[in-house]
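Reckoned from all heavy atoms, side chains included, excluding hydrogens, waters and symmetry mates. We count residues from 1, following the sequence as given.
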Amino acid sequence: MTREPTVLFCVGATKAGTSWLYEHLFAHPECHFRSIKELHYFTLKTAAQFDGAIRATDGKIAEMQARLNAAADARKPVVAKRLADLIEWRQVLARRAIDLPAYRGFLTEGAGDARLVGDVTPAYGLLSEAGLAGLAQVAAETRFVYLIRDPLARLWSHVRMIAARTAPDRFAQAAEAQMAAILSGDLSGEGKGIVARGDYAAILPKLARAVPGKSLLVLFQEEMMTLPGIARLSAHLGLTPAVADLERRVHEGRALALPEALRARALLWLRPQYEYVAAMFSVLPEAWRRNMEKGFA
């Protein structure tokens, strides 16, 4: 009997390298990942939420159909695969309730003898402890990866991403205003989600309680982008280390320098995050140490 592949849940953090990880695993010869990175399946709780997910998927299906019609011949197989995956995923959502066999079937369809399948949805990091423990029971073998990035770099990257999406014509002003609001305690609008997605001090202990120790890898983004980091990641996932483009940046975002006044405020505001992680790990990446020395001196 063919052994079922291990199921990976990458549960965050947002703007900490999850897209790079997804693309690395998507191309790995021992993995089988669908062309939809973030499924958000376990964030759906009500029929109304399922209906919203179905509507969003219908929009993506229509977009992919239009792209397929307009695509050059060389691109058609890629677009057709994305379209087929969206149509199949809609069938899972159409059940309008969590259906683990259907979910596992979607992940493993066409997997052959792949060792690893998975779902890279950073929003899962916001699930309750019970919700995360439930993910650990989805398959006979599960693995979790939680990526952490220098708190200041992660926060500013997330703020810039939201500003580029919501206010592209006044990007700099919107990003700086959002950062200032967060540092002043105003978490209205997008602020609450931005902060929650990088709250390592809240998410890491919850993960540690919910997920069996051998199943969880907490990995610095800065470490992942090195050969030793790839080796450590691969060992955790039961994979043979594969060639990785360590210089490539995925969804890096629109560039904008953080004003020094906001940087100084942000480092003080983020001090609990730095100190929590420093208490967990005896060695921190250089970027973390540099910001701690500069911000806490």
I'd like to check Thr121 versus Tyr41 (side-chain heavy atoms, cut-off strictly below 4.5 Å). Are they in contact?
no
Check step by step if side chain to side chain contact (heavy atoms under 4.5 Å, CB included) holds for His236 and Leu219.
CA-CA 11 Å; His236 176 68; Leu219 186 64; over 6 Å; no
Stepwise side chain to side chain contact (heavy atoms under 4.5 Å, CB included) check, Leu258 with Met179
CA-CA 9 Å; Leu258 179 62; Met179 191 71 157; 4.2 Å; yes
Take a 6.0 Å sphere around NZ of Lys76 and say whether it holds more than 12 heavy atoms from other residues, nucleotides or ligands.
yes
Looking only at heavy atoms, which two atoms of Pro168 and Arg254 are closest? And how far apart?
O-NH1, 3.2 Å
Nearest-0.5 Å distance that lies between atom CG in Leu21 and atom CG in Leu233:
6.0 Å
With a 4.5 Å cut-off on side-chain heavy atoms, are Gln65 and Leu83 touching?
yes
Any side-chain heavy atom of Leu155 within less than 4.5 Å of one from Lys15?
no
Main chain of Arg249, side chain of Glu252: is a donor-acceptor contact present, judged purely on distance under 3.5 Å?
no
Is it true that Arg34 and Glu88 make a salt bridge, defined as a side-chain N closer than 4.0 Å to a carboxylate O?
yes
Output for pair (Tyr103 OH, Trp89 CH2), nearest 0.5 Å, gives 6.5 Å
Determine the sole option in Val211, Thr142, Leu132, Leu204 for which the side-chain contact (heavy atoms from CB on, under 4.5 Å) test with Leu216 is passed.
Val211
Basic-acidic side-chain contact under 4.0 Å: Arg154, Asp150
no
pair Pro151-Trp288: side-chain heavy atoms closer than 4.5 Å
yes
Any side-chain hydrogen bond (donor to acceptor under 3.5 Å, both in side chains) involving residues 125-138? Give me the pairs, sequence neighbours left out, ordered by first then second residue.
Glu129-Arg209
Does Arg143 count as lying over the ring of Phe9, i.e. NZ or CZ under 6.0 Å from the six-ring centre, within 45 degrees of the axis?
no
If you measure from the Lys or Arg side-chain nitrogens to the Asp or Glu carboxylate oxygens, is any gap between Glu260 and Lys294 under 4.0 Å?
yes
If I take atom OG from residue Ser157 and atom CG from residue Leu256, how far apart are they, to the nearest 0.5 angstrom?
11.5 Å
Under a 3.5 Å distance rule, please check whether Arg160 uses its side chain to pair with a backbone N or O of His158 as donor and acceptor.
no
Return the minimal non-hydrogen interatomic distance between Leu284 and Ala278, and the atom names on each side.
CD1-CB, 3.8 Å
Distance col, row Leu217:CG vs Leu237:CG, nearest 0.5 angstrom, shows 7.5 Å
Distance-minimising heavy-atom pair for Glu176 and Leu262:
O-CD1, 3.9 Å
Distance col, row Leu25:CG vs Leu239:CG, nearest 0.5 angstrom, shows 6.5 Å
Hey, any chance Phe26 and Val78 share a hydrophobic cluster, counting ILVMFWY side chains that come within less than 4.5 Å of each other, even indirectly?
no
Kindly check if the number of other-residue, nucleotide or ligand heavy atoms within 6.0 Å of CZ (Arg170) is above 12?
no
Is there a path from Val145 to Leu227 through hydrophobic residues (I, L, V, M, F, W, Y) whose side chains come within less than 4.5 Å of each other?
yes
So which atom in Ile203 and which in Ala196 form the shortest heavy-atom distance, rounded to 0.1 Å?
CD1-O, 3.6 Å
Minimum heavy-atom distance Val218-Ile148, with the two atoms named
CG1-CD1, 4.0 Å
In sequence, state the C-alpha distance, the side-chain angles, and the governing distance for Ile182 and Val195, and then conclude on side chain to side chain contact (heavy atoms under 4.5 Å, CB included).
CA-CA 8 Å; Ile182 288 172; Val195 171; 3.6 Å; yes
Nearest-0.5 Å distance that lies between atom CZ in Arg263 and atom CG in Leu183
12.0 Å
Salt-bridged, Lys37 to Glu23, with N to O below 4.0 Å?
no
Is His28 reaching over with its side chain to a backbone N or O of Pro241, donor-acceptor style, under 3.5 angstrom?
no
Indicate yes or no: does Arg165 engage Glu190 in a salt bridge with an N to O separation below 4.0 Å.
yes
Under a 3.5 Å threshold, yes or no: a donor from one side chain and an acceptor from the other, between Ser188 and Asp186?
yes
Other residues, nucleotides and ligands only: do more than 12 of their heavy atoms fall within 6.0 Å of CZ on Arg67?
no
Is there a side chain to side chain donor-acceptor pair (under 3.5 Å) between Glu30 and Thr240 once you walk through the steps?
CA-CA 8 Å; Glu30 296 171 354; Thr240 305; 2.8 Å; yes
Does a salt bridge link Glu222 with Arg149, judged by any charged N lying under 4.0 Å from a carboxylate O?
no
Check for a donor-acceptor pair, side chain of Thr43 on one end and backbone N or O of His40 on the other, with a separation under 3.5 Å.
yes
Minimum heavy-atom separation for Gly295 to Leu267, with atom names?
CA-CD1, 3.7 Å
Taking it one step at a time, do Ile194 and Gln178 satisfy side chain to side chain contact (heavy atoms under 4.5 Å, CB included)?
CA-CA 10 Å; Ile194 292 171; Gln178 178 69 86; 4.1 Å; yes
Please answer: with hydrophobic residues joined when any side-chain heavy atoms are less than 4.5 Å apart, are Phe281 and Leu152 in the same cluster?
yes
Is any side-chain N of the basic residue among Glu286 and Arg290 closer than 4.0 Å to the acidic one's carboxylate O?
yes
Is it true that, when you exclude Arg75 itself, more than 12 heavy atoms of the residues, nucleotides or ligands shown sit nearer than 6.0 Å to its CZ?
no
Pairwise side-chain contact, Phe220 with Thr226, heavy-atom cut-off 4.5 Å (strictly under)
no
Glu275 vs Met280 side-chain heavy atoms within contact, under 4.5 Å
no
Checking salt bridge (charged side-chain N to carboxylate O under 4.0 Å, His left out) for the pair Glu4/Arg104: CA distance, chi angles, key distance, verdict?
CA-CA 10 Å; Glu4 286 292 313; Arg104 287 193 298 265; over 6 Å; no
Would you indicate whether the side-chain heavy atoms of Met64 and Arg82 approach each other to under 4.5 Å?
yes
Here the side-chain hydrogen bond (donor to acceptor under 3.5 Å, both in side chains) pairs for residues 53-62, sequence neighbours left out, are Asp58-Arg90
Non-hydrogen side-chain atoms of Asp119 and Tyr22 separated by less than 4.5 Å:
no
